[in-house]
Amino acid sequence: MIRKDKSNTLDGINNNTYELLFSDERITSIAKDDREFLAAAIQEFTKLSDEDIDYVIRETNIFKKNGKMYEARKESKIYRFSLLDYFLEERKDELRSEDRLGKCTEKSISLAMGNVNKSKVVIGYLDNSVDKVLHAIFVDYTYDKEYVFDYSMNIVMEKRQYLELMDYDIINEIESVNIKKDKKILDRFDHFGTKFYLCYRDEIMNNLEKNKKVLRLED
């Protein structure tokens with residue numbers, strides 16, 4: 001792929017990522033407004049190496065850094081976030097690559113299982129594409145605000161900003177303490193759909209409770 005501005009392709013940045021972050025053209029196939037542009041830009045930015053992140057911050061006016069926090073800005077839209085791999089350093093290589101995709105339910109539940117603070121797993125629809133995408137996130141609300149941990153995006157962001165950025169429509173929220181309790185029962189079933197569980201947790205667990213003798217779920 002030849003870059004439109006004829007820049008050197010040996011800087012290490014993927015050409016598609018470069019065109020998105022550095023092109024002055026509005027690429028309508030990627031984004032129809034500033035919010036969608038920033039959602040796409042952040043998704044590419046969070047895959048970059050530390051060196052490439054420094055380069056993008058230095059060479060563009062889209063991203064800024066303040067300590068471990070980043071700011072993405074376009075016109076009147078501003079979103080602040082940090083990288084999830086700051087908290088999960090052992091997963092950094094995966095979180096900075098395409099390998100992070102397709103694991104949102106698994107990783108959100110894993111974060112819930114290992115968390116002792118006030119937290120929950122949320123499932124909902126992303127409306128950034130033509131087709132709605134079912135997507136799970138982990139939310140910590142230990143302090144005065146709720147913070148989203150999105151494994152597929154490699155970001156930690158205030159929930160209010162995340163919902164706007166991703167055009168996220170919540171279907172269900174499940175407390176981590178309930179997930180830990182439910183898992184002991186759900187582990188007894190083979191191939192139980194985690195997305196199905198996250199969408200309909202209360203109905204599923206109520207029905208299992210009513211039929212626990214028949215299903216031999218009692219210890």
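Sequence positions, counted from 1, serve as the residue numbers for this chain.
- In this structure, E71 and R73 approach most closely via the heavy-atom pair OE2-NH2, 3.1 Å.
- R100 is linked by a salt bridge (Lys or Arg N to Asp or Glu O under 4.0 Å) to nothing, counting only residues two or more places apart in sequence or in another chain.
- Residues M69 and L84 are members of separate hydrophobic clusters, defined by side-chain heavy-atom contacts under 4.5 angstrom among Ile, Leu, Val, Met, Phe, Trp and Tyr.
- With rounding to the nearest 0.5 angstrom, the NZ atom of K195 is 10.0 Å from the CD1 atom of I171.
- For D85 and R91, the salt-bridge test fails: no basic side-chain N is under 4.0 Å from an acidic carboxylate O.
- With hydrogens and angles disregarded, a donor-acceptor distance shorter than 3.5 Å links the side chain of Q161 to the backbone of I78.
- Applying the salt bridge (Lys or Arg N to Asp or Glu O under 4.0 Å) test to residues at least two apart or on different chains, the pairs with a partner in residues 136-152 are K120-E146, K145-E158, E146-K159.
- To the nearest 0.5 Å, the span separating CG on D54 from CD on E51 amounts to 7.0 Å.
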Give the C-alpha distance, both sets of side-chain angles, the deciding distance and a yes or no for side-chain contact (heavy atoms from CB on, under 4.5 Å) between I170 and I123. CA-CA 6 Å; I170 296 175; I123 191 162; over 6 Å; no
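- Follow the hydrophobic side-chain contacts under 4.5 Å out from Y141 and you never reach L163; the two are in separate clusters.
- Side-chain contact between K118 and E175 is absent, with no heavy atoms from C-beta onward closer than 4.5 Å.
- Between L38 and L165, the closest heavy-atom pair is C-CD1, 4.1 Å.
- When side chains are defined from C-beta on, F138 counts as touching S119, because their heavy atoms get closer than 4.5 Å.
- Using a 4.5 Å heavy-atom threshold, the side chains of Y151 and L95 count as touching.
- Not one N or O on the side chain of Q43 forms a donor-acceptor pair closer than 3.5 Å with the backbone of M153.
- One N or O on the side chain of N154 and one on the backbone of T46 form a donor-acceptor pair closer than 3.5 Å.
- The neighbour count for D50 CG, taken as heavy atoms of other residues, nucleotides or ligands under 6.0 Å away, is above 12.
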Quick one, V121 with M113, criterion side-chain contact (heavy atoms from CB on, under 4.5 Å). Give me CA distance, side-chain angles, the key distance, then yes/no. CA-CA 10 Å; V121 173; M113 293 297 295; over 6 Å; no
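- Below 30°, between 30° and 60°, or above 60°: for H135 and Y168 the angle between ring planes is above 60°, a perpendicular geometry.
- Atoms CD1 and CG, from I179 and L198 in turn, are 6.0 Å apart once rounded to the nearest 0.5 Å.
- Geometrically, K74 engages F37 in a cation-pi contact defined by less than 6.0 Å to the ring centre and at most 45° from the axis.
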Does the pair F45 and F81 meet the rule for a side-chain contact (heavy atoms from CB on, under 4.5 Å), with working shown? CA-CA 11 Å; F45 180 83; F81 63 95; 3.9 Å; yes
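- Taking the six-membered ring wherever Trp is involved, the centroid distance between the rings of Y70 and F63 does not fall below 6.0 Å.
- When all heavy atoms of K180 and N115 are compared, the pair lying nearest together is NZ-O, 2.6 Å.
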Applying side-chain contact (heavy atoms from CB on, under 4.5 Å) to Y86 and V156, what does each step give before you reach the verdict? CA-CA 9 Å; Y86 286 151; V156 179; over 6 Å; no
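- Crowding of E89 atom CD: a count of heavy atoms from other residues, nucleotides or ligands under 6.0 Å not exceeding 12.
- Electrostatic pairing of K77 and E164 counts as a salt bridge here, judged by a charged N lying under 4.0 Å from a carboxylate O.
- Atoms CG and OG, on L48 and S97 in that order, are 12.0 Å from each other to the nearest 0.5 Å.
- Atom CZ of F149 and atom CG of L88 lie 8.5 Å apart (nearest 0.5 Å).
- Here the closest non-hydrogen pair linking A39 and M166 is CB-SD, 4.4 Å.
- Grouping the Ile, Leu, Val, Met, Phe, Trp and Tyr side chains by contacts below 4.5 angstrom, directly or via other members, places V133 with I42.
- Counting non-hydrogen atoms of other residues, nucleotides and ligands closer than 6.0 Å to CG of N117 gives a total above 12.
- Inter-residue side-chain proximity for N172 and V122 is flagged as unmet; no heavy-atom pair is nearer than 4.5 Å.
- In this model, a donor atom of one side chain and an acceptor atom of the other lie less than 3.5 Å apart for D182 and Y197.
- The two residues S82 and F87 make their nearest non-hydrogen contact at OG-CE1, 3.8 Å.
- Proximity of a side-chain donor or acceptor of N178 to a complementary backbone N or O of I174 within less than 3.5 Å is not detected.
- Residue pairs meeting the salt bridge (Lys or Arg N to Asp or Glu O under 4.0 Å) criterion with at least one partner in residues 101-117, sequence neighbours excluded, are E94-K103.
- You'll find the side chain of N206 stays beyond 4.5 Å of the side chain of E203, heavy atoms only.
- Closest heavy-atom contact between L134 and C199: CD2-SG, 4.1 Å.
- One finds the CG atom of D93 at 9.5 Å from the CG atom of D99 (value rounded to the nearest 0.5 Å).
- T194 contributes no side-chain N or O that, together with a main-chain N or O of T105, makes up a donor-acceptor pair within less than 3.5 Å.
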